[in-house]
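Any value given below was found using the heavy atoms of this structure, including those in side chains, with hydrogens, waters and symmetry copies removed. Indexing begins at 1, ligand by ligand and atom by atom, following the structure's order.
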Amino acid sequence: MIKNLIVFGTRPEAIKMAPVVKEFLKYPDIFHTKVCVTAQHREMLDQVLDFFEIKPDFDLDLMKPHQNLYSLSSSIILGLKPILETFKPDYVYVHGDTTTTMASSIAAFYSGSNICHIEAGLRTFNMQSPFPEEMNRSVTGVVSNIHFSPTETSKNNLLRENKLKDSIIVTGNTVIDALMFSVNKVKNLNYQDTEIEHLKRILDAEKKLILVTGHRRENHGAGFVRICEALKEIAVDNPQTQIIYPVHLNPNVHGPVYRLLSEIDNIQLIAPLSYPAFVWLMEKSYLIVTDSGGVQEEAPSLGKPVLVMRDTTERPEAVEAGTVILVGTNKDKIVDEANKLLNDAFAYKTMSKLHNPYGDGMASQRIVNYIKSILKS
Ligand code: UD1
Ligand code: UDP
């Protein structure tokens, strides 16, 4: 029996690892699979665990208000030590580029386990942007034995770093597996969701919906002030729009956003949504404005144009296809691009193409099949 330990800690990792967990659990005769959450996020992680009905075997319960990178990284490494020493996994699976990803992969390396990096090879080649994620994924890449890359572009990034060709497997991004699971579940006539019912009550069908999310560390401070000023101007200049913004719980985001945007009539600030409610709202939206990595991947599959409030992206595929535009945190650029999409039907239509550069919903199956194939050989 092969022992798997799947480790994650934040909302996006949980969303993208949930389909992998479910796929491994289909084969209890081959794999003894355990889930460990660091709980780098607490409430936002638990929302995802509830929706996907995942009960972790280990919960390090590490989140602290205003946590910092030093203490979080060291607590993850120390917290994983006894689990790795007692369970002795053959394979440890980590995802993406958070502090949980980087610190867990280092702990797994110390333990001698094989390390599988899911969503491997995303790069901006700028260590400061996104910070600290570019470092996190690069370090994880160094210690990983198997790299599950979502796209050919990410595979090529790893080849440029001299990773062995045979260690890189292109699978698509598991976020599309999660997205399809969620869309199908919500479509089921028996599905009931109090958050979606609440959203139906606050949505104004006469107005164009702009959905906003944001949290990037490099945008904290002046960047978020400019973002809020831009959103305010868009809302005031376009009374026929409604902006809904589920605000990230990071105090560096929550603080300025509520301080600067609470009083605008057509801006609604709400708590982070559960995954199905957020997906439902993405489908209802006219335009998405975000600095999120995951949302950049999901939106093209739903045919929604995205303005990305970052200067760089490790996800160039949708930018190249013309459905995502990088606007940084420049107030005028955000306002100009949003106004163009709100008022120019041709520009909007050109950006609203439905396409799937990030996956086809089969990524988790490819990952599990690959591990099964190694066992046979
Ligand atoms: C983290 C990741 C980032 C990822 C993002 C996804 C790092 C360094 N950052 O950023 O890569 O894109 O998650 O959202 O790994 N908080 C809560 N409840 C929660 C979650 C967060 O209260 O459920 C608050 C806490 O005060 C916490 C703070 O947010 O200390 C910051 O959380 P942290 O994980 O350090 O940073 P994020 O900005 O969430
Ligand atoms: N998301 C969610 N609820 C929200 C906002 C976002 O479930 O209120 C989902 C979104 O669909 C995507 C993921 O969270 O899958 C993105 O997480 P986040 O932006 O926090 O992190 P990133 O992807 O930038 O690392």
Using a 4.0 Å heavy-atom threshold (strictly under), name the region of His215 that reaches ligand 2: side chain, backbone, both or neither. side chain

So between Glu119, Glu298, Glu133, Arg11, whose heavy atom ends up nearest atom 20 (O) of ligand 2? Arg11

Using heavy atoms and a threshold below 4.0 Å, how should the contact between Leu69 and ligand 1 be classified: side chain, backbone, both, or neither? side chain

Surrounding CZ of Phe109 (heavy atoms of other residues, nucleotides or ligands, distance under 6.0 Å), is the total greater than 12? no

Between ligand 1 and Thr98, is the shortest N or O to N or O distance under 3.5 Å? no

Tell me if the aromatic rings of Tyr93 and Phe148 count as close, with their centers under 6.0 Å from one another. no

Counting each atom of ligand 2 from 1 as listed, which ones have a heavy atom of Pro272 under 4.0 Å away? 8 (O)

State plainly whether the residues Lys185 and Glu53 are in salt-bridge range, i.e. N to O under 4.0 Å. yes

Atom indices of ligand 2, in the order listed, that fall short of 4.0 Å to a heavy atom of Leu273: 2 (C), 3 (N), 4 (C), 7 (O), 8 (O)

Between Lys340 and Asp336, is the closest basic N to carboxylate O distance under 4.0 Å? no

So, are Lys81 and Glu85 salt-bridged, with charged N and O less than 4.0 Å apart? yes

Ion pair Asp97/Arg123, N-O distance below 4.0 Å: no

Give a yes/no verdict on whether any heavy atom in Arg216 is under 4.0 Å from an atom of ligand 1. yes

Ligand 2 versus Phe278, non-hydrogen atoms closer than 4.0 Å: side chain, backbone, both, neither? side chain

Under 4.0 Å, heavy atoms only, figure out whether ligand 2 is touched by the backbone of Ile15, its side chain, both or neither. side chain

At under 4.0 Å between heavy atoms, is it the side chain or the backbone of Arg216 that contacts ligand 2, or both, or neither? side chain

Heavy-atom contacts with Ser292 under 4.0 Å: which atoms of ligand 2 show up? List them by number with element. 16 (C), 18 (P), 19 (O), 22 (P), 23 (O), 24 (O)

Quick one: does ligand 2 sit under 4.0 Å from the side chain of Pro246, the backbone, both or neither, non-hydrogen atoms only? side chain

